Amino acid sequence: MRYTNPNSFAENPGNIKLSRWKLRKIKKMICISKRERTYFNKQIPAIKEYVAFGDTQPAYVMSVSPLVVSAYSDEMDAVVMLRFPDELSRQYKLTIGDRIITVNTYRQLNSNGVVPDIFVGKNYLNRYSDCHPIVPLFISRSHKLMHQKLSLFDEEEWQMVWQKSQEYASEHPDLLRDGFYYLKSANQVTYFK
């Protein structure tokens, strides 16, 4: 493994395969400049590894216009709100409350502490400072597998994630992370205001 820590492992690895067709569509949607397109292309090998070996976690569609996905992390016991182009909610016929999955990777805890858009819960494992969720629905061809992975989480866990998502949306309505930041800028989370 070139991009992920070989000494770490995911309890439920994604095993997700990328779709070149979907990636081309996303690139047209989010990359304006030649520099952005070049960066996007360079990220593909890393993203391929992340969705294969990263940790599968539950997520909810919180809004369709704007398209907002709440991505949970059991490592952080918290959610991250991801903002995507509204065009995707139409393309995938998403509705509020739809259950989907993310594949998460993490950044080791450092002296700066946890990033400002993650509010860790009581079950935070104190190992990481950031969670990097990827929504495979938008970039993968593994549709059947993604659907099967929804059953990894029991109803109690889904309800807990929904509650955390509702609380976050209520308490921090304007704190939204660009859902495709990992394809746009080098190690820098961008936020919508």
Side-chain angles (χ1 to χ4, degrees), residues 3-5 8-19 22-23 26 30 40 43-44 46-63 66-85 88-89 92 94 97-109 114-121 123-125 127-140 142 145-147 149-150 152-153 157-158 160-162 164-169 172 175-192:
Y3 301 98
T4 53
N5 182 345
S8 66
F9 68 95
E11 187 177 332
N12 297 306
N15 296 319
I16 301 290
K17 307 277 190 239
L18 295 179
S19 163
K22 285 186 177 184
L23 286 168
I26 295 299
I30 68 172
F40 184 105
Q43 290 304 103
I44 299 305
I47 302 308
K48 183 177 181 180
E49 191 170 297
Y50 297 158
V51 296
F53 299 107
D55 192 32
T56 305
Q57 292 289 300
Y60 274 102
V61 175
M62 299 301 293
S63 168
L67 176 55
V68 177
V69 171
S70 172
Y72 180 69
S73 161
D74 60 354
E75 288 282 343
M76 314 290 283
D77 188 29
V79 296
V80 177
M81 292 294 180
L82 306 172
R83 169 75 166 88
F84 293 95
L88 294 171
S89 61
Y92 292 97
L94 296 173
D98 281 352
R99 295 174 177 184
I100 59 175
I101 60 160
T102 60
V103 179
N104 298 349
T105 56
Y106 296 92
R107 183 180 312 145
Q108 292 292 329
L109 188 61
V114 177
V115 295
D117 68 328
I118 295 179
F119 305 95
V120 297
N123 294 318
Y124 171 49
L125 297 178
R127 294 192 282 219
Y128 301 109
S129 62
D130 198 1
C131 170
H132 304 283
I134 295 175
V135 177
L137 175 65
F138 304 142
I139 61 172
S140 170
S142 304
L145 179 60
M146 285 185 280
H147 185 72
K149 285 183 175 285
L150 294 173
L152 288 171
F153 313 103
E157 188 164 8
W158 280 111
M160 177 272 298
V161 172
W162 180 250
K164 284 183 179 290
S165 301
Q166 296 262 359
E167 289 169 2
Y168 191 111
H172 312 284
L175 194 51
L176 303 171
R177 186 182 289 200
D178 182 339
F180 287 128
Y181 76 91
Y182 59 91
L183 290 169
K184 290 178 164 180
S185 59
N187 297 321
Q188 180 180 356
V189 176
T190 53
Y191 298 96
F192 288 91

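Only a predicted model underlies this, so the values are computations on that prediction, with no experimental measurement involved.
The shortest non-hydrogen separation linking V103 to G14 is CG2-CA, 4.2 Å. Contact detail for L18 and V51: the closest heavy-atom pair is CD2-CG2, 3.8 Å. Of all non-hydrogen atoms in I26 and I139, the two that sit nearest each other are CG1-CG2, 4.4 Å. Residue L145 comes nearest to N15 through the heavy atom pair CD2-O, 3.2 Å, listed as atom of the first residue, atom of the second, then distance. Heavy atoms only, all atoms of each residue included: F153 and K149 are closest at CE1-O, 3.7 Å. Residues D178 and K184 approach most closely at OD2-NZ, 2.7 Å, considering heavy atoms.
No side-chain donor-acceptor contact under 3.5 Å links S70 to the backbone of A59. The backbone N or O of A71 lies less than 3.5 Å from no partner atom in the side chain of Q57, so there is not a single donor-acceptor pair. Under a 3.5 Å cut-off, the side chain of K22 and the backbone N or O of P136 do not form any donor-acceptor pair. Not one N or O on the side chain of K164 forms a donor-acceptor pair closer than 3.5 Å with the backbone of A78. Judged by distance alone, with hydrogens and angles left aside, the side-chain atoms of S140 form a donor-acceptor pair with the main-chain N or O of K17 at under 3.5 Å. Without hydrogens or angle criteria, T56 side chain to N12 main chain gives a donor-acceptor distance under 3.5 Å. Of the possible polar contacts, one joining the N104 side chain to the Y72 backbone as a donor-acceptor pair under 3.5 Å is found.
Side-chain contact check for M81 versus M62: some heavy-atom pair is nearer than 4.5 Å. Using a 4.5 Å heavy-atom cutoff, the side chains of V120 and D77 are not in contact. Between E11 and D55 there is a side-chain heavy-atom pair separated by less than 4.5 Å. In this structure, the side chains of D74 and L125 stay at 4.5 Å or more apart for every pair of heavy atoms. Considering only heavy atoms from C-beta on, L94 stays 4.5 Å or farther from L88 through its side chain.
To the nearest 0.5 angstrom, E75 atom CD is 5.5 Å from Y106 atom OH. For the atom pair CD1 (I44) and CG (L183), the distance works out to 5.5 Å, reported to the nearest 0.5 Å. For the atom pair CD1 of I47 and CG of L23, the computed distance is 9.0 Å after rounding to the nearest 0.5 Å. Going from atom OH of Y181 over to atom CD1 of I30 covers 12.5 Å, rounded to the nearest 0.5 Å. Summarising the geometry, atom CD1 belonging to I134 is positioned 11.0 Å from atom CD1 belonging to I101; distances are rounded to the nearest 0.5 Å. Rounding to the nearest 0.5 Å gives a distance of 9.5 Å between CD1 of I100 and CE of M146.
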Practice problem: Start with the C-alpha gap between Y124 and V114, add the side-chain angles, then the distance that decides, and say whether side chain to side chain contact (heavy atoms under 4.5 Å, CB included) holds. | Solution: CA-CA 11 Å; Y124 171 49; V114 177; 3.6 Å; yes
Practice problem: Report the C-alpha distance between W162 and R99 in whole Å, list the side-chain angles of each, state the deciding distance to 0.1 Å, and finish with yes or no for side chain to side chain contact (heavy atoms under 4.5 Å, CB included). | Solution: CA-CA 10 Å; W162 180 250; R99 295 174 177 184; over 6 Å; no
Quiz item: Given the rule in the side chain to side chain contact (heavy atoms under 4.5 Å, CB included) test, do R177 and I118 qualify, once you have shown the distances and angles that lead to the verdict?
Solution: CA-CA 10 Å; R177 186 182 289 200; I118 295 179; 4.1 Å; yes
Practice problem: Any chance you could lay out the side chain to side chain contact (heavy atoms under 4.5 Å, CB included) test for F180 and F138, step after step, and finish with the verdict? | Solution: CA-CA 10 Å; F180 287 128; F138 304 142; 4.1 Å; yes
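A donor-acceptor pair shorter than 3.5 Å cannot be found between the side chains of S73 and Y128.
Ring geometry for W158 versus Y60: interplanar angle over 60°, hence perpendicular rather than tilted (30 to 60°).
Surrounding NE2 of H147 are at most 12 heavy atoms belonging to other residues, nucleotides or ligands under 6.0 Å away.
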